[in-house]
Amino acid sequence: MDVTSCQNGGSIMWFFRDKGFDDKSINEMFKKCKRLQRVHKERASENWSYLKSIGIQERKLPSVVSKCPKILALGLYEKLVPMVECLATLGTERREVASAIARFPQIVSHSVQEKLCPLLAFFQALGVSERQLGKMILLNPRLISYSIESKLTDIVNFLATLGLTREWMIGKVLAKYPFIMGYSVNKRLRPTTEFLKSVGLSKTDLQTVTMNFPEVLCRDVDKILRPNFAYLKRSGFEDRQIAALVTGYPPILIKSIKNSLEPRIRFLVEVMGRQIDEVANYPDFFRHGLKKRVELRHRLLKEKDVNCSLSEMLDCNHKKFLLKFGLFEGLA
């Protein structure tokens, strides 16, 4: 409906204009939410003020409303307040609730009784506590919009096929990386696990990867995982060594080649004079910061002409490292 034909005495139109919206934006919101045409200025103003009162910055409110115009048409005490209060009881702070609403305002359009309560029961059956669910929703507010029957159950059943049969195991994966529930089993998760199997990971290895770094399962095989695997092959690693690297430090398959993998391998071989076999036996090498830990410690050891393994060099905090090799003088 065109702005000029709005049948609400023009009050809602002037409300939007007063908040800085142009006619094009107003028309787009009317298209998204037909109910908006019948909303009185008083209700819109009341909801706007409430959203501001819970911590959403006024400069962000136009973006919030543009994403979900329905938020101004909802009953304040029927929808908005109950959802905000319920989210706050899940062990979250109001400012975090405000942040979640700002990112995904559709969250408040769902019913506490019809959506949030069943969702809570579903996750509690998987060993996820109320506090954990609160953190999950804050990380991935879209979670509340997912269907339990057609979406979440599908994810849980898939994880069970990987051998994560104990309820707490699946719940731990979902709590650790809530975004995994936004991906399709057939289009993303299954192809990724099949690729990991194809490069030599056993069922136990796959379980380890899923439990510790579930985000690896969510990356595109052809755009990310396969190119990283190919780079490791070009660098001289054998297939069995890559399988060990992936199991020991799964993010190696999703790290940037240019900004992470290549600089570390180059420094290892060209500067440290070590063989890549050492890294195959110590995958955590890729976990440590290159400049702040690897380069610094290598320089200190070289000044003292000290030789040691990568694990001896990196597997401790800096104070213990200095004590272990008597390097306090070298740091001064």
Side-chain angles (χ1 to χ4, degrees), residues 51 54-56 60 64 67-68 71 79-190 192-193 206-219 250-251 254:
L51 293 170
I54 64 172
I56 299 179
K60 292 184 178 180
V64 171
K67 286 189 283 187
C68 182
I71 203 167
K79 284 282 189 178
L80 294 183
V81 173
M83 179 57 77
V84 170
E85 294 296 333
C86 190
L87 289 173
T89 62
L90 293 178
T92 57
E93 298 181 14
R94 277 188 174 272
R95 62 180 178 79
E96 294 175 322
V97 174
S99 176
I101 294 173
R103 284 181 285 127
F104 186 67
Q106 293 86 344
I107 192 174
V108 296
S109 67
H110 293 282
S111 164
V112 170
Q113 293 298 323
E114 296 176 8
K115 190 65 180 182
L116 195 56
C117 289
L119 198 66
L120 178 59
F122 176 81
F123 283 108
Q124 284 182 328
L126 296 170
V128 177
S129 68
E130 287 188 9
R131 182 173 291 274
Q132 285 177 312
L133 178 58
K135 291 180 179 179
M136 290 164 65
I137 292 174
L138 291 179
L139 278 172
N140 183 16
R142 291 180 181 275
L143 174 62
I144 203 168
S145 68
Y146 298 154
S147 165
I148 292 176
E149 292 76 16
S150 62
K151 182 69 173 175
L152 301 182
T153 301
D154 196 27
I155 298 289
V156 169
N157 290 340
F158 171 74
L159 292 175
T161 65
L162 302 182
L164 306 184
T165 52
R166 298 178 184 175
E167 291 178 349
W168 67 269
M169 296 174 75
I170 293 178
K172 182 179 179 181
V173 170
L174 301 182
K176 190 178 186 71
Y177 193 69
F179 298 103
I180 194 174
M181 289 171 278
Y183 290 90
S184 164
V185 168
N186 292 325
K187 293 180 179 180
R188 180 57 58 85
L189 304 183
R190 184 169 286 114
T192 303
T193 55
L206 194 54
Q207 291 170 5
T208 300
V209 171
T210 305
M211 289 293 297
N212 296 327
F213 293 94
E215 59 268 36
V216 173
L217 271 63
C218 303
R219 298 300 185 267
I254 62 176

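Just so you know, these numbers use all the heavy atoms, side chains as well, and skip hydrogens, waters and symmetry mates.
At a threshold of 4.5 Å between non-hydrogen side-chain atoms, the residues F123 and M136 count as touching. Side-chain contact check for L189 versus I155: some heavy-atom pair is nearer than 4.5 Å. The closest side-chain heavy-atom distance from S109 to K79 is not below 4.5 Å. Counting heavy atoms from C-beta on, the side chains of Q207 and L164 come closer than 4.5 Å. Residues N157 and V185 are not in side-chain contact: their nearest non-hydrogen atoms beyond the backbone lie 4.5 Å or more apart. Within the 4.5 Å cutoff, side-chain heavy atoms of L133 are placed close to those of L143. Between V209 and L217, the closest side-chain pair of non-hydrogen atoms falls below 4.5 Å. Taking 4.5 Å as the limit, every side-chain heavy atom of T210 sits out of range of all side-chain heavy atoms of T193.
Among all heavy-atom pairs drawn from C86 and L116, the shortest one is SG-CD2, 3.2 Å. Looking at every heavy atom in both residues, M169 comes nearest to M211 through O-SD, 3.6 Å. The nearest pair of heavy atoms linking G182 to Y146 is CA-OH, 3.3 Å. Taking all atoms of both residues into account, the shortest heavy-atom contact from I144 to M83 is CD1-CE, 3.8 Å. Taking both residues in full, the closest heavy atoms of V156 and L174 are given as CG2-CD1, 4.2 Å, listed atom of the first, atom of the second, then distance. Heavy-atom minimum distance, A102 versus I56: N-CD1, 4.4 Å.
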Criterion side-chain contact (heavy atoms from CB on, under 4.5 Å) on L87 and I107, from CA distance to verdict: CA-CA 10 Å; L87 289 173; I107 192 174; 4.0 Å; yes
Intermediate values then yes/no, side-chain contact (heavy atoms from CB on, under 4.5 Å), F122 and V128: CA-CA 9 Å; F122 176 81; V128 177; over 6 Å; no
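K135 places no side-chain N or O within 3.5 Å of a backbone atom of E130 that could act as its donor or acceptor partner. In this structure, the side chain of R142 does not engage the main chain of Q106 through any donor-acceptor pair within 3.5 Å.
Taken to the nearest 0.5 Å, the CG atom of L159 stands 11.5 Å off from the OG1 atom of T165. Taken to the nearest 0.5 Å, the CG atom of L126 stands 11.0 Å off from the CD atom of Q132. With values rounded to the nearest 0.5 angstrom, F104 atom CZ is found 8.5 Å from N140 atom CG. Atom OH in Y183 sits 5.5 Å away from atom CZ in R219 (nearest 0.5 Å). Of the inter-residue distances, the one linking Y177 atom OH with C218 atom SG reads 5.0 Å to the nearest 0.5 angstrom. Annotation: the span from I137 atom CD1 to L120 atom CG amounts to 8.5 Å, rounded to 0.5 Å.
Residues meeting the salt bridge (Lys or Arg N to Asp or Glu O under 4.0 Å) test with R188, sequence neighbours left out: D220. Not a single salt bridge (Lys or Arg N to Asp or Glu O under 4.0 Å) links E215 to another residue, sequence neighbours left out.
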